[in-house]
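Chain naming here is simple, since letters A, B, ... match the order of the sequence lines and numbering starts at 1 in each.
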Amino acid sequence: MNRGALAQTWVLTCDLIRFRILASRRDWTSRTLYVVATVASTALVLMIFGGTYLGVRALVAAHATGLLVSIAAWAFLVYLFTDLFIAFGQALNDMYLSSDMPILLVMPLRASSLIVAKFILGVAQNEVYVAVFLLPFVLGYLLGMAAPLWAYAAAIAGLAFFPAILYAGLATITIVALRVIPPRVAKEMLWVIGAAVPTGFWLLNFARFAHMDGDINSLHLPSAPSWLPSTWMGQLLAYSGAGDAGHAMAWLGLIAMVTFVACPIGLAVVSAGFVEGWSRAAAGKRVTAMKSGVPPTLSPIAAIVWKDISIVLRSPQLWFNHIASLGFIGYLLVGHQVQSPILPLTIQLAMLQIGFVAVLDSLNPGMTALSLEHKSIWLLLSSPLTPRQLFTAKIISAYAQTGLITTIAAILLGAGYQLGVLQTGALVIFALLMSAAAICYGVEFDTRYPSFDWENPNAINRGVRMILPFLNGLLVLALCGSFLAATRVGLHGAWNGMAAVLLGLVWCGLVVGWIAVRTSHEAVRNIAGLEI
Amino acid sequence: MLPPLVVVDRLTKRFGEATAVDGISFAVAPGEIFGFLGPNGAGKTTTIKILTGLLRPTSGRATVGGFDITTHPVEAKRLFGYVPDEPALYPKLTAVEFLNFIGDIYEMKTAHKQARIRELLALFELDADAGGLLESFSHGMRQKVALCAALLHEPKIYFLDEPTVGLDPKSARLLKDIVRALTRAGGAVMMSTHIMEIAESLCDRVAIIDHGRIAALGTVAQLRELRGRDTLEEVFLHLTGGFEDRRIADIFREPARA
């Protein structure tokens with residue numbers, strides 16, 4: 001029976017969403033993990049909601065009208081920056097790297113139905129992030145502003161449209177890029193571009209904060225770029241919060257119009273060029289002639305490390321994390337010019353900042369250390385390697401990457417803050433310690449819940465998987481931060497402040513050492529019990 | 001008489017409620033090619049995965065070269081080469097880099113490793129493509145690389161799970177010759193296959209496994225004689241249940257005319 005285009009799209013969309021839900025549920029059979037992740041997510045939502053509400057109430061009490069009006073657009077821009085990373089990868093995954101595409105393309109389906117179904121699937125997944133990160137912010141803002149009821153409906157409607165605009169734009173860019181850039185390099189290079197462009201864009205815009213000055217009553221953030229959907233959302237929220245229905249509805253109208261006009265146009269472009277672009281990208285890969293000499297023999301651990309590093313160097317999509325981490329240093333340096341009048345820069349604050357970058361950078365290499373073996377895991381598990389050897393190799397592989405990146409990041413931050421050699425050295429040591437802790441937790445988690453069945457390496461860490469080790473890393477950072485604060489209070493001024501730093505580092509070193517010992521035992525046991 | 005190189009004793013593997021391997025026992029002697037036949041899902045790959053340390057048995061015991069694979073996995077793993085049914089390799093390594101990596105894992109001496117890699121690449125006619133990334137290789141080429149990897153450290157025991165899948169006739173013939181040569185030198189080969197002609201012409205003994213249990217075990221001639229059938233294929237279908245002609249005809253009957 002031949003279905004009409006709409007019916008076909010509807011059936012396909014429902015099926016794809018159902019399969020994705022089933023796949024997520026089947027990926028995670030551990031009830032404990034779900035409970036912990038649900039509690040963590042709820043805590044995150046409540047934290048965003050509560051923090052926004054309290055902040056808005058404080059600004060209302062201080063009559064900071066200028067800030068209240070301008071802050072929303074920047075909040076959405078922060079989200080846009082984060083979501084660009086996710087949505088760009090998602091567009092590439094869903095359209096080109098998805099393993100179901102070869103099956104779907106040989107079925108009697110219209111290309112337009114296929115693209116629309118994949119698009120709706122992508123938007124639906126993006127709505128989850130919106131619900132976790134943006135909805136509590138919007139509700140907290142409106143409640144803090146004592147907004148009328150219609151304002152909630154208007155802002156939530158705008159919020160629902162927001163990811164569709166973003167995703168339509170990125171999907172269109174992805175498809176067009178894959179028809180222009182040579183297919184062999186396009187898929188991998190798009191990951192790098194996807195990380196570099198939003199980072200650069202964000203830094204250029206955030207730099208404008210540096211010129212902020214004045215009393216809180218008259219303070220007003222610089223205007224966010226007016227062409228960005230995040231700014232439109234900010235305006236909708238600000239006017240809704242202020243109870244200005246006319247302006248709020250105008251912005252909502254604009255968002256709705258772009259959603260229902262720009263998205264179909266974007267999809268039309270994608271649909272028309274997709275099949276040709278896909279077949280070009282999927283065409284046989286060129287045999288790359290590389291050095292074919294046999295290098296000298298390495299020990300098994302060194303061989304695994306060499307193999308892992310070679311793979312990372314040849315897989316640009318694995319650089320994504322590191323580019324974002326180094327970009328974060330730029331964000332901190334620009335932010336420093338704003339933060340310094342409110343929160344004076346101390347070495348301890350700089351250490352916490354670089355610690356956060358280290359945790360962020362170590363998340364992916366640690367949590368995918370074993371899973372990156374993909375379906376080739378049979379090789380290592382059937383080889384004469386002890387679980388300890390495999391664990392050690394994986395720790396070294398992950399740490400070699402993040403150790404290098406966090407060291408560079410710490411030196412850049414020290415230079416940017418014009419710190420001395422000793423203080424920069426402290427930043428480097430602290431970054432390496434936090435990176436080590438995050439790597440240990442990540443590898444331990446990955447050995448406990450490995451995922452060898454993935455379509456591309458950036459899709460390994462999704463959903464629940466990402467939350468727990470990240471929270472562990474943040475808890476360690478918070479604990480070490482409290483040591484740094486305590487020693488600063490206790491030994492303030494001694495040795496020009498370095499005594500406090502040194503003692504704090506010793507405490508942090510002990511904590512990280514304990515984490516390394518504990519997680520290594522667990523990870524080795526997990527590897528020994530691994531079955532594929 | 002030399003002791004067997006592979007011993008499987010009342011081996012059982014359960015996945016939750018399902019029993020994949022149900023108390024099977026057999027042994028593979030030095031110089032023997034042991035064929036492991038069975039329909040899809042019969043338990044062949046599960047058994048080989050237990051023998052190679054990728055799965056742990058629920059009960060029973062498996063030894064490789066005298067070492068229990070569960071209690072002495074590293075010692076046992078040094079002694080065998082393995083080609084899985086889907087030999088996924090590292091796509092971002094070249095063939096030479098991959099084989100070099102395998103040589104390092106098995107702690108081969110540099111000169112020996114280099115000579116052996118060159119020898120095997122030439123044997124499988126991969127030397128011209130050796131500098132290419134494995135992601136650019138066809139399925140058959142990757143299968144050949146996986147065979148090179150299994151042969152590289154010159155083990156005494158080989159576990160080959162559907163080793164001829166994806167190979168062209170010339171390479172399949174080469175593989176058969178290699179397997180014969182390995183057993184002539186005292187090695188033991190355990191291979192699963194769906195191709196009866198290979199089992200019939202190559203294997204010294206054959207086990208037919210169905211629903212996790214060994215339905216028949218012996219030389220091809222013994223099985224034919226015991227079951228009163230002319231070919232191994234008929235023995236196989238008799239033991240594992242072939243489709244009746246009528247059912248096949250029912251499924252593929254002509255569509256009714258409107």
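Counting heavy atoms from C-beta outward, Tyr90(B) and His374(A) have side chains that stay 4.5 Å or more apart. A heavy-atom distance below 4.5 Å is not found between the side chains of Asp104(B) and Pro300(A). Within the 4.5 Å cutoff, the side chain of Leu55(B) has no heavy atoms near those of the Ile532(A) side chain. In this structure the side chain of Arg314(A) reaches within 4.5 angstrom of the side chain of Leu93(B), judged on heavy atoms. Side chains of Trp378(A) and Leu89(B) form a contact here, defined as non-hydrogen atoms less than 4.5 Å apart.
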Going through the checks in order, is the ring pair (Phe, Tyr, Trp, His ring centres under 6.0 Å) test met by Trp306(A) and Phe101(B)?
CA-CA 9 Å; Trp306(A) 172 87; Phe101(B) 168 67; 7.6 Å; no
Under the side-chain contact (heavy atoms from CB on, under 4.5 Å) rule, what do Ile105(B) and Leu379(A) come out as? Steps first, then yes or no, please.
CA-CA 10 Å; Ile105(B) 293 289; Leu379(A) 258 163; over 6 Å; no
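Proximity to chain B (any heavy atom under 4.5 Å) is shown, for Ile301(A), by neither the backbone nor the side chain. Within the 4.5 angstrom heavy-atom criterion, atoms from both the backbone and the side chain of Leu385(A) approach chain B. Looking at Ser310(A), the atoms closer than 4.5 Å to chain B (heavy atoms on both sides) all sit in the side chain, from C-beta outward.
Annotation: residues 40-54 of chain B contacts chain A through Lys49(B), Thr52(B), Gly53(B), Leu54(B) [non-hydrogen atoms, separation under 4.5 Å]. Near-neighbour residues of residues 521-528 of chain A relative to chain B, defined by a heavy atom under 4.5 Å from a heavy atom of that chain, comprise Ala528(A).
No more than 12 heavy atoms of other residues, nucleotides or ligands lie within 6.0 Å of CZ in Arg10(B), so this atom counts as exposed by the packing criterion. Remark: Arg56(B) CZ is packed, more than 12 non-hydrogen atoms of other residues, nucleotides or ligands lying under 6.0 Å away.
Ser376(A) OG to Lys92(B) NZ: the interatomic distance, rounded to the nearest 0.5 Å, is 13.0 Å.
With salt bridges taken as basic N to acidic carboxylate O contacts below 4.0 Å, one links Glu531(A) and Lys13(B).
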